[in-house]
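These notes are about the structure you will find just below.
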Amino acid sequence: MSLQSSTATLRAGLIDVFADTSLSGNPLAVVEDADELSEAQMRRIAGEFNQAETTFIMRSHQADLKLRSFTAAGAEVGGAGHNSLGAWLWLAQEGKLGAIDVSRVFRQEIGTEILPVELRPVDGRIFGHMKQSALTLGTKIAEVAPLAAALGLAPEDILTEPAPRVADTGVAHLLVRLADVAAVDRAEPASKGLLKLLGTVSAEGCYVYALEGNAPHRAYARFFNPTVGLWEDAATGTAAGPLAAYLAHERLIAGSIEVEQGTKMGRRSILHVNLTPEPEISGAGVVVMRGSLSI
């Protein structure tokens with residue numbers, strides 16, 4: 001099939017990920033059978049959908065399927081987050097994986113990694129569980145004043161236990177603990193300042209969060225990712241995973257955490273993270289649109 005010289009029709013749609021109801025969670029555009037698409041076409045299609053991310057599903061010689069994901073601005077993103085979980089939930093709900101009446105494990109090729117994804121039936125719905133890579137810790141920020149300025153906050157809004165630090169379980173993000181939920185909602189990053197700071201510490205995005213209680217099992221978060229043209233994201237598995245691993249490394253949590261994200265955007269999302277010991281992200285999704293894409 002030559003997509004350069006003839007019209008092709010591909011199956012595509014939208015699924016809300018980490019959602020219990022439609023029009024919540026984090027929307028993902030999905031395109032099936034994308035093997036013959038060029039990278040330039042993928043970028044243009046992602047721009048056409050204009051969602052946080054669009055995932056293209058392809059054949060793989062190393063795993064069950066290969067996934068590539070692009071933002072609306074055309075930046076390719078990796079890691080096992082809503083971009084991959086949503087694709088598998090889409091395939092399961094569209095009947096492309098056979099019956100999911102018992103737990104089933106698949107292997108996905110994402111960038112240079114081969115990662116497992118488990119699909120389980122729970123009360124009539126399908127939940128996805130994805131393991132991420134082991135935690136790698138990067139730059140720690142000691143001087144919080146420039147960070148506070150980049151986030152549009154006061155220095156006293158930023159807590160230093162644990163320290164603001166880059167953490168990576170597939171994608172490197174800067175994790176910043178704030179004093180409370182109100183401080184998280186007050187954050188108004190300056191794009192140039194945050195971009196410069198993220199470049200300095202070699203991080204892709206910035207995850208600001210607040211914890212509940214002295215022995216927290218729940219966090220409230222927002223995610224800013226201007227490096228890939230995505231200003232704010234409603235649910236970010238590639239940030240929730242390293243957050244859980246970092247908090248466990250600092251002995252602030254043990255075993256699991258629930259992260260609420262997207263509420264400020266009107267897209268409340270709940271991400272569940274279990275440490276096994278690597279982070280395992282879980283959630284469900286709701287298909288909100290099915291259709292065909294003509295190229």
Side-chain angles (χ1 to χ4, degrees), residues 1-19 25-98 106-117 119 126 128 130-133 170-171 204-205 225 227-230 233-238 281 283 285-295:
M1 175 174 63
S2 174
L3 298 186
Q4 305 296 332
S5 59
S6 62
T7 300
T9 300
L10 301 175
R11 182 75 173 167
L14 288 172
I15 181 169
D16 288 340
V17 190
F18 299 115
N26 200 359
L28 176 75
V30 179
V31 179
E32 296 183 23
D33 301 320
D35 300 86
E36 302 301 321
L37 294 176
S38 68
E39 186 170 301
Q41 286 175 313
M42 292 183 195
R43 295 181 193 277
R44 293 188 64 187
I45 291 168
E48 184 77 8
F49 276 116
N50 199 33
Q51 298 299 316
E53 291 167 12
T54 297
T55 295
F56 298 87
I57 303 172
M58 294 168 281
R59 295 185 298 271
S60 172
H61 299 297
Q62 306 175 67
D64 293 299
L65 289 170
K66 177 179 179 179
L67 306 180
R68 294 187 70 181
S69 302
F70 295 84
T71 68
E76 186 166 10
V77 294
H82 108 284
N83 58 310
S84 55
L85 182 65
W88 287 97
L89 292 172
W90 162 272
L91 290 168
Q93 294 186 44
E94 293 299 287
K96 300 300 178 68
L97 302 175
F106 301 88
R107 295 190 312 145
Q108 53 185 335
E109 179 184 350
I110 302 175
T112 59
E113 295 185 296
I114 304 295
L115 298 172
V117 56
L119 300 178
I126 299 172
M130 294 187 310
K131 287 186 181 295
Q132 298 180 340
S133 302
V171 182
E204 182 182 288
N225 198 356
T227 63
V228 298
L230 176 61
D233 196 28
T236 315
T238 60
I281 308 291
V286 181
V287 173
V288 294
M289 188 181 75
R290 299 174 174 88
S292 57
L293 174 68
S294 297
I295 303 298

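All values below were derived from every heavy atom in this structure, side-chain atoms included, with hydrogens, water molecules and symmetry-related copies excluded. Since the structure is predicted, the reported quantities are computational estimates derived from the model, not experimental observations.
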So how far is it from [X] [atom1] to [Y] [atom2], rounded to the nearest 0.5 Å?
X	Y	atom1	atom2	result
Thr71	Asn225	OG1	CG	8.5 Å
Ile281	Thr238	CD1	OG1	8.5 Å
Leu293	Leu10	CG	CG	5.5 Å
Met58	Asp33	CE	CG	11.0 Å
Leu14	Leu28	CG	CG	8.0 Å
Gln108	Leu67	CD	CG	5.5 Å

Step through the shown structure and confirm whether more than 12 heavy atoms of other residues, nucleotides or ligands are within 6.0 Å of CD on Glu39.
yes
For a quick test of reading the model, state the closest non-hydrogen atom pair linking [X] to [Y] and the distance between them.
X	Y	answer
Ala46	Thr54	CA-OG1, 3.6 Å
Gln51	Ala29	CG-CB, 4.3 Å
Gly285	Leu89	N-CD1, 3.6 Å
Ala235	Phe18	CB-CD1, 3.5 Å
Glu32	Trp90	OE2-NE1, 2.8 Å
Ser133	Leu115	OG-CD2, 4.4 Å

Derivation of the side-chain contact (heavy atoms from CB on, under 4.5 Å) call for Val30 and Ile57:
CA-CA 8 Å; Val30 179; Ile57 303 172; 3.5 Å; yes
Take Ile126 and Trp88 through the side-chain contact (heavy atoms from CB on, under 4.5 Å) test and state the conclusion after the steps.
CA-CA 10 Å; Ile126 299 172; Trp88 287 97; over 6 Å; no
Carefully, step by step, assess Ile45 and Ile295 under the rule side-chain contact (heavy atoms from CB on, under 4.5 Å).
CA-CA 9 Å; Ile45 291 168; Ile295 303 298; 3.6 Å; yes
Report yes or no: does [X] contribute a side-chain atom to a donor-acceptor pair with the main-chain N or O of [Y] at less than 3.5 Å?
X	Y	value
Arg107	Gln62	yes
Asp35	Arg59	yes
Gln41	Ser38	yes
Thr55	Ser84	no

Test side-chain contact (heavy atoms from CB on, under 4.5 Å) on Glu109 and His61 and set out the steps.
CA-CA 9 Å; Glu109 179 184 350; His61 299 297; over 6 Å; no
Can you tell if the side chain of Leu65 reaches within under 4.5 Å of the side chain of Phe106, non-hydrogen atoms only?
no
Can you tell if the side chain of Val77 reaches within under 4.5 Å of the side chain of Val171, non-hydrogen atoms only?
no
